[in-house]
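Note sheet for the following structure.
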Amino acid sequence: MEKNYKKILVTSALTYANGYTHLGHIAGSLLPADIYVRFQRLLGRDVLYICGSDEHGTAIEMSAIKENITPKEIIDKYHKSNKKAYYDLGMSFDIYSRTSTDVHRATSQDFFMNLYNKDLLYTKTEKQLYSEKEKRFLADRFVIGTCPVCGFEEATGDECENCGSSLTPLELKNPRSKITGDTPVVKESNHFYFPLSKYQQSLETWQGTKNNWKPNVINYCAGWFKKGLQDRAITRDLDWGVPVPVEGYDEKVLYVWFDAPIGYISATKELFIERNNPDGWKDYWYNGETKLVHFLGKDNIIFHAIFFPAMLMAHGDFVLADNVPANEFMNLEGSKLSKRRGNIIYVKDAVEKINPDTIRYTIASNMPENRDTDFYWSDLQAKNNNELGAILGNFINRTFVFANKYFDGTIPPQNELQDIDTNIKLRLNSGLEKIEADYENYKFKDAVTDSMNIVRDANKYFNDTEPWKAVKENKERCETIINICLQLVHSFAVIFHPVLPFSTEKILHMLNKGKEDLSWDKAGDFVLKPGHRLNQPEILFNKIEDSEIEKLS
RNA sequence: GCCGGAGUAGCUCAGCUGGUUAGAGCGUCGGAAUCAUAAUCCGUAGGUCGGGGGUUCAAGUCCCUCCUCCGGUACCA
């Protein structure tokens, strides 16, 4: 790392608990974050991985009304399901929390009051549409009416789908509620505003110091700066959310995008409460030597690179993000992933049918780091069969077969080394250096490619040294070869651990080694001792047949 | 409409501040090997870098314009 960070705090964008999470979420923010933290842990760094469900906002309240159930029922359902799916996919959160907890409510209200007490917030009264029938103010996109520009009759209060005009609800002709269809009335409402415009200069200065941010993030923000940041209302007329902790405003709640990012902080608090160290979270959030990294999809850039940092600046106590490595989107079979039913892959379904490591590997090797990418089931099949099975799995298997068949299931000694032996170790070490740089620079696709390329060379080493001949002609030579191949197997357990956590644990077990050998330091050295007894090998990646893929596509 | 991103081999994707014959994996075709989940390794072929114009000794890379796709557009998150 370019700076002497003592601690690393990693977040994945909170999952909105209004539906099942799909593979796009994994590709955008969950998987890169998990790979990153697993790598940092291998290096022995002090890292926390924070995520959770975002459970407030208009959309959840509206879903509850439509389905005639409570918001709580909705969030419970999706929080539980999504959390399980994430863990099934190997996400190694230190905590997966949610924003409906008491800790979060208190933390958000404290945050709000901190700004309120410093007189940073102001109130403003605006005219809004109010439904007498529903007894509620209507959010912009829950008002439907006729577009004043093109006459389209199904325009929503924020924009016209037909002509693309940006609208406000008051401009619509014949406005009506999207839920009940009744005609709303104009009513005034008073809200708190966050003075985002005042922080533009500080934000630009701050981002100016970031020379390793991805261009898409920098340019996107530059666009907003150029336009000029405007203050934002941070309270809403809803029933569902964190109540505004100010007298006279207790019927209102905090804007979901105000409280959601605070969720990263409250989840960290909750984690340390569980650890019986209630102040422990401060060591991370109040510490200028913490490296804070937000992983997210491109739809979230403004909130993590502009709005939340401004909130933190206003508050003053917290560390700001070191990086916001935003990914683009992953689509399915060439068309948008989340658009309509039948064209979506839920994580909960995928993990039931497919080896989670295969899912992780496929997504990681085609991660939308620079642009939108496509997920194909046929691609997953090819990656599983041709790379995971044929290259990695096969190398491990052919090595173990030799150890079992000719060396009684133990690690043979390493005798006199030849050039080809020292070369493969040099190759391993240069590969490790490259992969380490890949991970530190958020280049996960490169990391996967570079990792698998070492295994390709390991297979070449196996071919070139021909242990099946050596075992007959020169047993000592064969001992050395298989010793080295087993050392490489151990190295691969470490190297692939960020991407393939389940399989690498199996490899470690096959080697009869413990977690203490799962460290990046030990990946470059040949640490296995001759005579050490191995466990029985197992097939790590079963071949996926065409018929299975046809069922999934 | 406006802001940002993208369009590169049959397919999926790399190509930082412009610099010799544009790269990788898969797929294709040929070869070597036979220890291994018939799994490996080597080699071959494949592209007027979305269209057009410009700057430059030199452009996939910079500028202009057009087409197509994606995200945002401040009350969806």
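Heavy atoms only: backbone and side chains are in, while hydrogens, waters and symmetry mates are out. Values in this document were obtained by computation on a predicted structure and should not be read as measured data. Chain identifiers are assigned alphabetically (A, B, ...) following the order of the sequence lines, protein sequences preceding nucleic acid strands; residue numbering begins at 1 within each chain.
- Checked against the 6.0 Å centroid criterion, the rings of A/Y16 and A/H79 do not qualify as a close aromatic pair.
- A close approach under 4.0 Å does occur between a side-chain nitrogen or oxygen of A/T58 and OP1 or OP2 of B/A77.
- The phosphate of B/A39 (OP1 or OP2) has a side-chain N or O of A/K543 nearer than 4.0 angstrom.
- The phosphate of B/A24 has neither OP1 nor OP2 within less than 4.0 Å of any side-chain N or O from A/R456.
- Not one side-chain nitrogen or oxygen of A/N366 sits closer than 4.0 Å to the OP1 or OP2 atom of B/G25.
- Judged by distance alone, the side chains of A/D237 and A/Y130 never bring a donor and an acceptor atom under 3.5 Å apart.
- No contact: A/F307 has no heavy atom under 4.0 Å from any strand.
- The phosphate of B/A74 has neither OP1 nor OP2 within less than 4.0 Å of any side-chain N or O from A/R232.
- Taking 4.0 angstrom as the limit, A/R398 places none of its side-chain polar atoms (N or O) nearer than this to OP1 or OP2 of B/U40.
- If you take CG of A/N542 and C1' of B/U37, they are 8 Å apart, rounded to a whole angstrom.
- Across all strands shown, A/N219 has heavy atoms under 4.0 Å from sugar-phosphate atoms exclusively, and none from any base.
- At whole-Å resolution of the value, CD in A/Q128 and P in B/C75 are 10 Å apart.
- Within 4.0 Å (heavy atoms only), A/K227 reaches at least one base atom of the nucleic acid.
- Between the P atom of B/U40 and the NZ atom of A/K469 lies a distance of 19 Å, rounded to the nearest Å.
- Residue A/D446 is the one, among A/K472 and A/D446, whose nearest nucleotide of RNA chain B lies closer to the 5' end (criterion: closest heavy atom).
- Screening A/Y199, A/F258, A/Y255 for a ring-ring contact (aromatic ring centres under 6.0 Å, His included) with A/F194, the sole residue that qualifies is A/Y199.
- Considering only side-chain N and O atoms, A/N386 lies nowhere under 4.0 angstrom from the phosphate OP1 or OP2 of B/A39.
- Note on A/A139: a base of the nucleic acid sits closer than 4.0 angstrom, heavy atoms only.
- In this pair, A/F402 and A/F462 present their aromatic rings perpendicular. The plane angle is above 60°, beyond the 30 to 60° band.
- Contact annotation: A/R371 does not reach the phosphate of B/G5 (side-chain N/O to OP1 or OP2, under 4.0 Å).
- When heavy atoms are screened at a 4.0 angstrom cut-off, A/Y255 is found touching the sugar-phosphate backbone but no base atom.
- If you check every strand for non-hydrogen atoms under 4.0 Å, A/F462 touches a base.
- Applying the Watson-Crick and G-U wobble criteria (two distances, each under 3.5 Å), B/C76 pairs with nothing in any strand.
- Straight-line distance from the CG atom of A/D464 to the P atom of B/C41: 11 Å, rounded to whole Å.
- Residue A/N459 places no side-chain N or O under 4.0 Å from the OP1 or OP2 atom of B/C35.
- Residue A/T373 is in sugar-phosphate contact alone, with no base atom involved, counting any heavy-atom pair closer than 4.0 Å across all strands shown.
- At a threshold of 4.0 angstrom between heavy atoms, the contacts of A/G19 with the nucleic acid are absent.
- Side-chain N/O atoms of A/K445 include one lying less than 4.0 angstrom from OP1 or OP2 on B/A14.
- Taking the six-membered ring where the residue is Trp, A/F444 and A/Y442 present perpendicular rings, their angle passing 60° and hence far from 30°.
- For the pair A/K178 and A/F142, the distance from NZ or CZ to the six-membered ring centre is under 6.0 Å and the angle to the ring normal is within 45 degrees.
- Glycosidic conformation, B/G53: anti, with the torsion outside 90° of 0.
- At the heavy-atom level, A/I302 lies nowhere under 4.0 Å from the strands shown.
- In this entry B/C26 has B/G10 as its Watson-Crick or G-U wobble partner, both defining distances falling under 3.5 Å.
- For the OP1/OP2 pair of B/A36 and a distance below 4.0 Å, the side-chain nitrogens and oxygens of A/N394 include no atom meeting the criterion.
- Using a 30° and 60° split on the angle between ring planes, A/Y122 and A/Y193 fall in the parallel class, below 30°.
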